[in-house]
2 protein chains.
Amino acid sequence: MSHGHLGHPDEMPDITSRQRVVLKFIVQEYVHRGRPVGSKGLSERSAIGVSSATIRNEMADLEAAGLVQALHTSGGRIPTDKGYRYFVHHLLDEAELPAVDQIMIRHQFRQVEVQLERWVELAAAVLAETAGNVSVVTAPRPAVPRLRHFELIGLQPRLALLILVTHESLVRQVMVHWPEPVDQATLSRLADVIAGEVSGLTAAEIAARPRVADGTARFVLAQVEAALRGLETVGDTEVRHSGLQNMLAQPEFGGADAQRLLDLLRGGAFLNAVLPQLAHHADVQVFIGDENPSNDLHRFGIVVSTYGIDGEVTGLLGVVGPTRMAYGRSISSVRYMARLMSDLMADLYSA
Amino acid sequence: MSHGHLGHPDEMPDITSRQRVVLKFIVQEYVHRGRPVGSKGLSERSAIGVSSATIRNEMADLEAAGLVQALHTSGGRIPTDKGYRYFVHHLLDEAELPAVDQIMIRHQFRQVEVQLERWVELAAAVLAETAGNVSVVTAPRPAVPRLRHFELIGLQPRLALLILVTHESLVRQVMVHWPEPVDQATLSRLADVIAGEVSGLTAAEIAARPRVADGTARFVLAQVEAALRGLETVGDTEVRHSGLQNMLAQPEFGGADAQRLLDLLRGGAFLNAVLPQLAHHADVQVFIGDENPSNDLHRFGIVVSTYGIDGEVTGLLGVVGPTRMAYGRSISSVRYMARLMSDLMADLYSA
DNA sequence: ATTAGCACTCCGGAAGCGAGAGTGCTAATG
DNA sequence: CATTAGCACTCTCGCTTCCGGAGTGCTAAT
């Protein structure tokens, strides 16, 4: 029952086992119904078998321990961020994603075109659906991409399309303006020659090579290097998201919060906030409320995992929701999707 | 002052020139402040110089003509869809986009990587920004794409990446599973041979060719044809959108409407609804409220234009907002962006 | 044709009110 | 000693009520 991997290793308050049951029920009930939960309803609806008065005492203790709070003098308790965290750490029975969902998801992936971009897209859609929240997925990036192949296709006398494929099967296309007109024959020749020399290298290795004499060749090399380097930098990574409807449907998350989240997702702020916090172990990580790095995220809960092939290509995938979210389901979904995407990457990458 | 091109050619009611002034003021004021406008405020704030009583009479006439309506017995008038339409047709002084904005926009386009996908993305962002609404942009599609070049890159013994470039400089990449292992040398040979035969052709023309004997070659051809055909069908065209924040900021557009719009934008329903309505002349078109084809759109206003090179590649670009939106600004923005994108396409496509 | 004046209507926010739910405390109970 | 019934108290929420302000149509005067 201990899941130290799911988050911060802060020591948690000691509470009795019955208090744990109460806390668990409060979290589940509040997540489910959205209303603070009181002693009476708890003693009746739960199978705990003690009277409301006893519950009240336990609740008082839980409140003293900082795990729940009462918004108003009367009106039941809701979990604090710390309460959620305790729940996620110690109280969550981690079920696998239901087999029905698993089958449905695999089926969808079989339907779709075999294409990285489509997978990422689909992963976002599926994740949003199964977790019932906003999902966030980045395309996988190689740690240090190596050039596998590149191609120059003349579009106009002074304009060509440079397509490069990395060893990790990522594709990038860039338009190149020539300083002077170049014909297709020259392009093909150039591509052949240069490809032979630099394929298998990283951007840094290409840059370190001795300079070639030919001006055009040097120019192409520079472009290739720049494009390859573009794949390295995580800064411009695009964050796919999906499922904003789910968030808007939440009553407590009116326009303002959704707006903030949108702003964060656009422009990479989200990634920059989350990424440095991500430890490198492979399992799902959870950030709840004020544990989040960015102030703008302190009303959200984040369940996130990396995926891909360790040391080769990795992407990020997770869900964002209100702190009051179904962490169990989200964790199952994220974990499953991360595994699935990793498998797909493995199929693609290694023989 | 007549702009018959902006929408439906329905005949409009005859109203006096003073009524036109009143209507214009009502639309502008309502768009700006979001509250119904009454006779008193209008007579004071506008430079019209008549008393509120006179305004009331004029308003009654406008209401009889179906151009404005009173939501409640007391509480001012708001424009009807028909009123907006009249405004857009006859009352709008169409200014060009301010020079400052133009410069700013061009600057941004110069900053960004020369790449079609980036342009589309940027166009969406810029349009949302300048129009202050949700923007919608599709990547340009050729009417009938012709193959310019394609490339086969082996990833694994039985998996290869098929990259094809059309005459219009669009790129598409598809993964191909071989029925049996094929090595890179064979791939290159295949690509060379086949490319020579089918480059310059459309999907239909490729399909019509006599069958080649070699099984693998036939397989490749089928894949190429399918991929090329995929570029023809508009069904799966992805609709980029941006600026949802702007919509959420509107008080009257709570979660429900935003949700509906999101649903529409996802899954291509939006395109399918708007596309058949689009006439083929090149200028901006406006759909207001119940003029919209889809019932789901009847609370929205749409300002949209095609862009690209006539008969060659065309895309769609526009903004969606509440019927109460600043049509003038939106039209300027859309028109300008359509021109800009068309110019960029022209640079790319023709010599 | 325009406008001042008037009686009327209706929205929207403030205030009031009771029901329901929840709380802490105390005293009784096993 | 833990548990629980009972009680007095508090607070929210939804309801009504109640104006003030803004807007309207109509009529009569200019």
Side-chain angles (χ1 to χ4, degrees), chain A residues 14-23 25-30 32-80 83 251-252 254 324, chain B residues 14-23 25-30 32-80 83 251-252 254 324:
Chain A
D14 279 343
I15 57 178
T16 71
S17 82
R18 189 167 65 190
Q19 282 164 358
R20 270 199 281 275
V21 175
V22 171
L23 176 58
F25 191 87
I26 290 178
V27 171
Q28 289 175 333
E29 189 79 352
Y30 181 61
H32 184 212
R33 317 182 85 95
R35 268 177 249 123
V37 0
S39 56
K40 184 121 168 268
L42 196 156
S43 108
E44 284 167 3
R45 262 194 293 273
S46 82
I48 196 173
V50 292
S51 80
S52 65
T54 308
I55 303 289
R56 278 201 284 283
N57 291 330
E58 302 291 33
M59 277 179 166
D61 285 0
L62 286 176
E63 183 155 16
L67 295 170
V68 303
Q69 62 179 327
L71 248 23
H72 317 286
T73 309
S74 160
R77 307 300 215 291
I78 66 173
T80 61
E252 76 245 52
R324 174 182 86 76
Chain B
D14 280 343
I15 56 177
T16 70
S17 82
R18 190 168 65 192
Q19 281 164 359
R20 272 199 281 273
V21 176
V22 172
L23 176 57
F25 190 87
I26 290 178
V27 172
Q28 290 175 333
E29 189 80 353
Y30 181 60
H32 185 211
R33 315 183 87 95
R35 268 179 251 122
V37 359
S39 55
K40 184 120 168 271
L42 195 156
S43 108
E44 284 166 4
R45 261 194 293 273
S46 82
I48 197 171
V50 293
S51 80
S52 66
T54 309
I55 304 287
R56 278 200 285 282
N57 292 329
E58 301 291 35
M59 278 180 165
D61 286 359
L62 287 175
E63 183 154 17
L67 295 170
V68 302
Q69 62 178 328
L71 247 25
H72 317 286
T73 309
S74 161
R77 306 301 215 291
I78 66 172
T80 61
E252 76 245 51
R324 175 182 86 76

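Every chain is numbered from 1 and lettered A, B, ... according to where its sequence line falls, protein lines coming before strand lines. Any value given below was found using the heavy atoms of this structure, including those in side chains, with hydrogens, waters and symmetry copies removed.
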For Arg18(B), which contact category applies under a 4.0 Å heavy-atom criterion: base, sugar-phosphate, or nothing?
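The residue Arg18(B) makes sugar-phosphate contact but no base contact.
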
Intermediate values then yes/no, side-chain contact (heavy atoms from CB on, under 4.5 Å), Ile55(A) and Ile48(A)
CA-CA 9 Å; Ile55(A) 303 289; Ile48(A) 196 173; 4.1 Å; yes

Side-chain N,O ([X]) to OP1/OP2 ([N]) below 4.0 Å:
X	N	result
Ser39(A)	dT23(C)	yes
Arg77(B)	dT24(D)	yes
Thr73(B)	dC10(C)	yes
Thr54(A)	dT4(D)	yes

Would you mind reading off the distance between [X] atom [atom1] and [N] atom [atom2], rounded to a whole angstrom?
X	N	atom1	atom2	answer
Met59(B)	dG23(D)	CE	C1'	9 Å
Glu44(B)	dG21(D)	CD	C1'	14 Å
Asp61(A)	dT3(D)	CG	P	11 Å
His72(B)	dT24(D)	NE2	C1'	14 Å
Ile78(A)	dT12(D)	CD1	C1'	14 Å
Arg56(A)	dG6(D)	CZ	P	12 Å
Lys40(A)	dA5(D)	NZ	P	12 Å
Ile55(B)	dT3(C)	CD1	P	9 Å

When you measure from the centre of the six-membered ring of Tyr30(A), is the NZ or CZ of Arg35(A) closer than 6.0 Å and no more than 45° off the axis?
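The answer is no, since Arg35(A) fails at least one limit relative to Tyr30(A).
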
Please tell me which of Gly76(B) and Asn57(B) maps to the more 5' nucleotide of DNA chain D, matching each residue to the nucleotide holding its nearest heavy atom.
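It is Gly76(B), whose closest nucleotide lies nearer the 5' terminus.
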
Which sits closer to the 5' end of DNA chain D, Ala53(B) or Ser74(B), going by the nucleotide each is nearest to?
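Nearer the 5' end of the strand: Ser74(B).
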
Would you call [X] and [Y] a side-chain contact if the rule is heavy atoms closer than 4.5 Å?
X	Y	result
Val68(B)	Ile78(B)	no
Val50(A)	Arg18(A)	yes
Leu67(A)	Pro79(A)	no

Counter-base of dA28(D), judged by Watson-Crick or G-U geometry with both distances under 3.5 Å
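With both distances under 3.5 Å, dA28(D) matches dT3(C).
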
